Amino acid sequence: MYKSVETLLVEIPTIRPHKMAVATMQTQTLVLIKITTEDGFVGWGEATTIGGLGYGEESPESIKTNIDTYFSPLLKTLKVHNIAQIMRVLKKNINGNRFAKCAIQTALLDIQAQRLNLPLSELLGGRLRESVPVLWVLASGDTSKDIAEAQKMIAIKRHNTFKLKIGSRPVEADVEHVLAIKQALGTDISIRVDVNRAWSELDALKGIQLLQDGGVDLIEQPCAIDNIDAMQRLSRRFDIAIMADESLMGPSSAYRLARTNAASVFAVKVAQSGGLLEAKDVATIANLAGIDLYGGTMLEGPIGTIASAHLFSTFENLAAGTELFGPLLLTEEILKTPLQYQNFELAVPKTSGLGIELDQDKLDNLRRK
Ligand code: MUC
Ligand code: MG
């Protein structure tokens with residue numbers, strides 16, 4: 001049934017250093033999985049994370065080891081195409097490991113969609129749009145470089161909304177940096193910030209007030225992952241959108257955040273949710289609670305990015321747009337035909353499965369030996 005399950009760590013330098021409060025990335029390590037069936041289908045999935053162990057609890061190396069040691073032998077014993085039944089066995093036998101589970105589920109869905117000759121979006125409920133809006137993240141660490149980068153993106157019609165990475169400098173310095181960019185780009189351009197959980201609640205009270213007054217549109221993950229009480233107090237106090245990112249780790253945390261009114265927007269990430277289907281559950285919880293949706297990324301390459309785009313194309317509410325720009329941050333293309341970014345959006349492929357074709361020679365060159 002499942003003939004081989006291959007895992008690859010693919011190292012690709014970034015186009016410039018990407019500076020976040022949790023890590024500075026110069027290279028991204030893509031964690032890719034390739035499942036081949038005995039009847040000749042090939043499915044791809046991705047379990048990429050950020051900054052080694054700087055962002056999440058799973059590293060590229062631990063994800064690969066756990067797939068090779070635990071997931072792959074188990075998968076090879078299964079004799080069904082039914083993804084719900086396969087995921088039930090994997091979940092029953094393996095705790096945690098959301099990223100690995102996401103990658104495997106993505107590859108299985110890719111295969112199933114190819115079998116049915118449908119784009120993946122149609123297996124996830126059906127697309128409501130042919131493309132999704134994509135913002136760009138300014139994270140060079142230098143205000144004037146960030147302004148020039150944003151102006152270029154607007155001019156070439158690739159991005160017209162920007163997220164700024166802050167939290168590694170004192171609050172006042174970060175606020176000054178953000179407001180200088182906001183002023184340079186003008187009122188029509190939406191600016192959001194991602195603090196990556198760097199602020200105490202007192203820092204957040206000061207920082208959010210200044211950013212709200214300066215016309216910033218959204219504050220992402222201001223405080224620690226577990227500090228849901230602070231997120232709740234901040235959401236109640238300010239008019240500006242407060243978005244949960246790292247605190248949102250799948251349907252049960254989505255339920256907890258929604259129940260406590262701890263965020264007005266959810267950054268839905270397929271890997272953080274533990275799979276595409278679980279990310280869809282997160283979106284349902286948000287819809288029921290009146291929480292807006294944002295399509296998040298773990299700075300994946302084209303596989304995780306396009307899998308996410310298929311899912312986000314099915315969301316009725318995608319009010320905060322997406323940040324599916326991961327492949328654009330990388331210096332090497334691993335697809336035979338690159339993903340299509342134009343007019344500020346990413347097109348969702350119309351061909352079957354994920355709708356992409358990997359360049360196997362490129363992967364062989366770039367993979368960690
Ligand atoms: C994050 O925390 O949002 C997403 C975009 C980006 O630049 O970093 C990631 C992680
Ligand atoms: Mg974030």
Side-chain angles (χ1 to χ4, degrees), residues 12 14-31 46-58 60 98-99 102 132-141 145-146 149-150 153 158-159 161-168 174 178 181 190-199 204 216-225 227 231 241-249 253 257 262-273 279 282 292-301 304-305 308-309 312 320-330 341 346:
I12 306 184
T14 54
I15 55 172
R16 55 152 169 74
H18 199 63
K19 293 191 180 165
M20 298 164 275
V22 283
T24 296
M25 265 174 51
Q26 314 255 19
T27 299
Q28 179 58 307
T29 304
L30 306 182
V31 185
E46 181 162 357
T48 297
T49 185
I50 294 171
L53 280 171
Y55 194 97
E57 296 157 344
E58 298 170 63
R98 298 190 309 278
F99 284 57
C102 176
V132 293
V134 181
L135 62 63
W136 180 251
V137 171
L138 300 169
S140 75
K145 272 191 197 158
D146 281 356
E149 197 173 291
M153 296 302 180
R158 223 180 62 189
H159 309 278
T161 299
F162 300 92
K163 161 166 142 177
L164 277 51
K165 287 290 191 179
I166 60 170
S168 40
D174 270 341
V178 175
I181 294 174
S190 174
I191 298 291
R192 298 102 182 260
V193 299
D194 189 355
V195 191
N196 278 123
R197 65 200 195 234
W199 283 346
V216 169
D217 289 321
L218 179 146
I219 310 285
E220 179 172 342
Q221 194 69 40
C223 297
I225 292 177
N227 201 350
M231 296 274 284
I242 306 277
M243 181 158 82
D245 181 14
E246 288 95 317
S247 296
L248 181 56
M249 293 184 254
S253 61
L257 289 162
S264 44
V265 186
F266 279 178
V268 183
K269 293 184 171 175
V270 300
Q272 283 274 58
S273 300
V282 169
D292 278 347
L293 293 178
Y294 175 69
T297 181
M298 287 304 290
L299 298 174
E300 290 109 328
T305 297
S308 302
F312 301 156
T322 83
E323 57 181 13
L324 292 178
F325 67 90
L328 301 171
L329 194 62
L330 305 177
Y341 289 91
L346 165 63

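Numbering of ligands and ligand atoms starts at 1, following listing order. Atom set for the values below is all heavy atoms of this structure, side chains included, hydrogens, waters and symmetry mates excluded. One is the number of the first residue; the rest follow in order along the sequence. Fair warning: this is a prediction, and the values are worked out from it, not measured in the lab.
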For ligand 1, does [X] get within less than 4.0 Å through its side chain, its backbone, both, or neither, judged by non-hydrogen atoms?
| X | value |
| --- | --- |
| Val22 | neither |
| Thr297 | both |
| Phe325 | side chain |

Practice item. Report the angle formed at the Mg ion (ligand 2) by atom OD2 of Asp194 and atom OD2 of Asp245, rounding to the nearest 10°. Key: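 Taking the Mg ion (ligand 2) as the apex, the two atoms subtend 180°.
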Check your understanding: Are Asp245 and Arg197 ion-paired here, with the side-chain N under 4.0 Å from a carboxylate O?
Key ->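 Not counted as a salt bridge, because no side-chain N and carboxylate O are separated by less than 4.0 Å.
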Point to revise | salt_bridge(Asp217, Arg192) N-O dist < 4.0 Å | key: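 A salt bridge is absent here (no side-chain N lies under 4.0 Å from a carboxylate O).
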Check your understanding: What do the steps show when you test Thr14 against Gln28 for side-chain hydrogen bond (donor to acceptor under 3.5 Å, both in side chains), and what is the final call?
Key -> CA-CA 7 Å; Thr14 54; Gln28 179 58 307; over 6 Å; no
Practice item. Go through ligand 1 atom by atom and flag the ones less than 4.0 Å from a non-hydrogen atom of Tyr55. Key: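 Within the 4.0 Å cut-off of Tyr55, ligand 1 contributes 1 (C), 2 (O), 10 (C).
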Measure the spacing between [atom1] of [X] and [atom2] of [Y] and express it to the nearest 0.5 Å.
| X | Y | atom1 | atom2 | value |
| --- | --- | --- | --- | --- |
| Gln272 | Ser247 | CD | OG | 9.5 Å |
| Thr161 | Leu218 | OG1 | CG | 11.0 Å |
| Tyr294 | Thr322 | OH | OG1 | 7.0 Å |
| Lys163 | Glu220 | NZ | CD | 3.5 Å |

Exercise for review: Provide, to 0.1 Å, the distance between atom 3 (O) of ligand 1 and the closest protein heavy atom, together with that atom's residue and name.
Suggested key: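 Heavy-atom neighbour on the protein nearest atom 3 (O) of ligand 1: Lys163 NZ, 2.8 Å.
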Exercise for review: For the Mg ion (ligand 2), find the closest N/O/S atom on Glu220 and give its atom name.
Suggested key: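 The closest N, O or S atom of Glu220 to the Mg ion (ligand 2) is OE2.
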Review point. Taking the non-hydrogen atoms of Met298, is any one of them nearer than 4.0 angstrom to ligand 1?
Key: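 False for this residue.
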Review point. Is it true that Lys269 lies under 4.0 Å from ligand 1, counting heavy atoms only?
Key: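 Yes, that is the case, since the closest heavy atom of the residue is under 4.0 Å from the ligand.
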Review point. Nearest non-hydrogen atom to atom 8 (O) of ligand 1 belongs to which of Gln221, Glu246, Lys165?
Key: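 That would be Lys165.
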